[in-house]
Amino acid sequence: MATTAEAMRLGGLAGRLVQEGVLSEAEALAAQTEAQQKKVPLVAHLIASGKASPLEIARAGALEFGIPYFDLDALQPDALPREAFKEKILRQHQVLPIFRRGNRLYVAVVDPLNLAGLDALKFATGMFTEPVIVEENKLARLLDAALEEEDAASVMGDLSDADLENIEIGEEESQPNVDATGPDVDETPIVRFVNKVLLDAVRKKASDIHFEPYEKKYRVRLRIDGVLQEVASPPVTLAHRIAARLKVMSRLDIAERRVPQDGRIKLQLSKNRAVDLRVNTLPTLFGEKIVLRILDSSAQLLSIDALGYEEDQKRLYLEALAKPYGMILVTGPTGSGKTVSLYTGLSILNTTDRNISTAEDPAEINLPGINQVNVNPKVGLTFAEALRAFLRQDPDVIMVGEIRDLETAEIAIKAAQTGHLVLSTLHTNDAPQTLTRLVNMGVPTYNIASSVSLIIAQRLARRLCPNCKTPADVPEQALIEEGFTEELLENATIYKAVGCDQCTNGYKGRTGIYQVMPVSEEMGRLIMSGGNSMQLAEQARKEGIADLRESGLKKVAAGITSIEEINRVTTD
């Protein structure tokens, strides 16, 4: 703890931080000098440099200036005085009205000397303003959430985004009982709100959109980089109208609310770009939850070098693609990037001397030179039927969107055994479990051993933002317990997520985490003898095949992602 005499050499907040033992006198003097040189407030400089935590700054400011400190975690967002919201002022000065008593407005501030923000609100609202000290990180989070909610509510009445006018809804086959002109759906604010959400989702590169009704709330969430984020909360009274609009767009029966329905929407964003959306409705306690999967056929294929494969994993994949026959299986949960991995391989194989056909539900990436078929079980065009047709079309390479049943598996394996290269996907947790899954489906073990050449299990992990990631102080023993080896930790720097205006909570983009397992002769013998997934996993370890966890830790050691993210997408 610094003495009062030492602190007297510094004034205001800097001196208080020295008195409280947060900074040394030299650190405080340096911070004050640097802030003056950069012409920024001391509080902003301390936060940006990380020399003091938001809580330490807030408490020191409250003591020094005699302004009450308030913990924003104790505040219910619904209680905010939204009549005092002036978005331009709030964003420009980073202030937030949190309570109103008569003609007096209490305003959350980080910097007690932020008089410009208080004066601007006073002038705009006609109320007296009283500052309340809060933590910077909590204010930023609540301010963003509050303004997003405000935007969603106001967008109902007035949207000025010119891009909304350019969106065209593609015509699909009409369904019975569709009333596109009914009073519930022919409402311009609802139409424009839904269009706004769809357009924002495409802009933010979201993979899914969730429209969710609850008893007292309605929310809209986007899945961005694999994580759901709430982006809007329109009034719950509009739930039925929003659902009706989405059902009209996807040519569904708006009168049917008791059973799930499937449909599609085609958004023509411009002359050269269209986005398809796969729509599913689900009756819930308080209305219909509607989820849209965004299928952007114009998305650019990544090169194999950009997918995140380690060098040895990339070599194994390329060697399997170079074989004239056999089966390559990619496995992982929905949204783990299986389609991108397969299409990256197909783009390598896509030459004029090869006949390539794919059966998908539906085709997500448009690749010229490849014959793509959308399966349609309603008319009898299943994966199995498409495969049978492919085998009569002189194929070289066949891609099946997913092996869902024994019939499809048997035809795909027969194709792999008779001189064709077959690529497909399965839903299993890792590569060894894929082999036992095929056995459980009823595929004879000798067929599996003789046809499957490579299995790729994968996940997608969020990349740390290169602009704000910072080294994490993690004890070596804790890293060893996480699964790191001493060899992996040598010269490695472990980073953690921070968050800035260029990313989402410290992350930006995603990278692949892979287990690439060739089916060796020994594995073939294990399969033939009835070996289980644990025995196959042990054999893979003996052959030096890294599992998903090990591959993820390599990404952490390389500074690409964080331990927390790998823990989220993999298990020990």
Would you find a donor on one side and an acceptor on the other, under 3.5 Å apart, between the side chain of [X] and the backbone of [Y]?
{"X": "H420", "Y": "A415", "value": "yes"}
{"X": "N114", "Y": "H93", "value": "yes"}
{"X": "T425", "Y": "G401", "value": "yes"}
{"X": "K496", "Y": "I563", "value": "no"}
{"X": "T281", "Y": "Q261", "value": "yes"}
{"X": "N355", "Y": "Q393", "value": "yes"}
{"X": "E288", "Y": "L282", "value": "no"}
{"X": "T331", "Y": "T428", "value": "yes"}
{"X": "N371", "Y": "I356", "value": "yes"}
{"X": "S424", "Y": "L329", "value": "no"}

Just checking, is any N or O donor in the side chain of [X] or [Y] under 3.5 Å from an acceptor N or O on the other one?
{"X": "T561", "Y": "Y507", "value": "no"}
{"X": "T351", "Y": "R354", "value": "yes"}
{"X": "H210", "Y": "R219", "value": "no"}
{"X": "S341", "Y": "Q458", "value": "yes"}
{"X": "N280", "Y": "D262", "value": "yes"}
{"X": "D405", "Y": "T408", "value": "yes"}

One thing to verify: whether [Y] and [X] come together as a salt bridge, which I'm taking to mean a side-chain N less than 4.0 angstrom from a carboxylate O.
{"X": "D361", "Y": "R264", "result": "yes"}
{"X": "D225", "Y": "K204", "result": "no"}
{"X": "K314", "Y": "E310", "result": "no"}
{"X": "R549", "Y": "E482", "result": "yes"}
{"X": "D200", "Y": "R203", "result": "yes"}
{"X": "E256", "Y": "R258", "result": "yes"}

Test side chain to side chain donor-acceptor pair (under 3.5 Å) on Q313 and S551 and set out the steps. CA-CA 10 Å; Q313 295 175 334; S551 294; 3.2 Å; yes
Interatomic spacing from [atom1] in [X] to [atom2] in [Y] - rounded to 0.5 Å:
{"X": "L238", "Y": "F193", "atom1": "CG", "atom2": "CZ", "answer": "8.5 Å"}
{"X": "L346", "Y": "L421", "atom1": "CG", "atom2": "CG", "answer": "8.5 Å"}
{"X": "T570", "Y": "K555", "atom1": "OG1", "atom2": "NZ", "answer": "12.0 Å"}
{"X": "L464", "Y": "N467", "atom1": "CG", "atom2": "CG", "answer": "12.0 Å"}
{"X": "H427", "Y": "S336", "atom1": "NE2", "atom2": "OG", "answer": "8.0 Å"}
{"X": "K289", "Y": "E212", "atom1": "NZ", "atom2": "CD", "answer": "4.0 Å"}

Parallel, tilted or perpendicular: rings of Y309 and Y514 (30°, 60°): parallel
Work out which heavy atom in T382 is nearest to a heavy atom in P377; give both atom names and the distance.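 Closest approach of T382 to P377: CG2-CA, 4.4 Å.
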Any idea which heavy atoms bring A244 and I254 closest together, and the distance?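 Scanning both residues completely, I find the closest heavy atoms to be O-CG2, 3.8 Å.
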Would you indicate whether the side-chain heavy atoms of [Y] and [X] approach each other to under 4.5 Å?
{"X": "I513", "Y": "I566", "answer": "yes"}
{"X": "L423", "Y": "V330", "answer": "no"}
{"X": "V556", "Y": "S562", "answer": "no"}
{"X": "I304", "Y": "L318", "answer": "yes"}
{"X": "R462", "Y": "V227", "answer": "yes"}
{"X": "I89", "Y": "Q92", "answer": "no"}
{"X": "M517", "Y": "L316", "answer": "no"}
{"X": "L454", "Y": "V516", "answer": "yes"}

Sub-6.0 Å ring centroid separation between Y214 and F286: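 Between Y214 and F286, the centre distance exceeds or equals 6.0 Å.
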I would like to know whether L292 and L198 meet side chain to side chain contact (heavy atoms under 4.5 Å, CB included); could you show each step before the answer? CA-CA 9 Å; L292 286 70; L198 301 187; 3.7 Å; yes
Carefully, step by step, assess M399 and E360 under the rule side chain to side chain contact (heavy atoms under 4.5 Å, CB included). CA-CA 8 Å; M399 198 269 271; E360 301 165 81; 3.9 Å; yes
Please test R388 against E407 for side chain to side chain contact (heavy atoms under 4.5 Å, CB included), starting from the C-alpha separation and ending with a verdict. CA-CA 11 Å; R388 288 192 182 94; E407 183 182 18; 2.5 Å; yes
So if I apply the side-chain contact (heavy atoms from CB on, under 4.5 Å) rule between L277 and each of L246, V291, D208, I294, which one comes out positive? I294
Qualifying residue for side-chain contact (heavy atoms from CB on, under 4.5 Å) with V107, from V95, L90, I98: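 Result for side-chain contact (heavy atoms from CB on, under 4.5 Å) with V107: V95.
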Test side chain to side chain contact (heavy atoms under 4.5 Å, CB included) on L381 and V373 and set out the steps. CA-CA 9 Å; L381 182 56; V373 174; 3.9 Å; yes
Could you please spell out the steps behind the salt bridge (Lys or Arg N to Asp or Glu O under 4.0 Å) verdict for R459 and E565? CA-CA 11 Å; R459 301 289 188 276; E565 182 64 6; over 6 Å; no
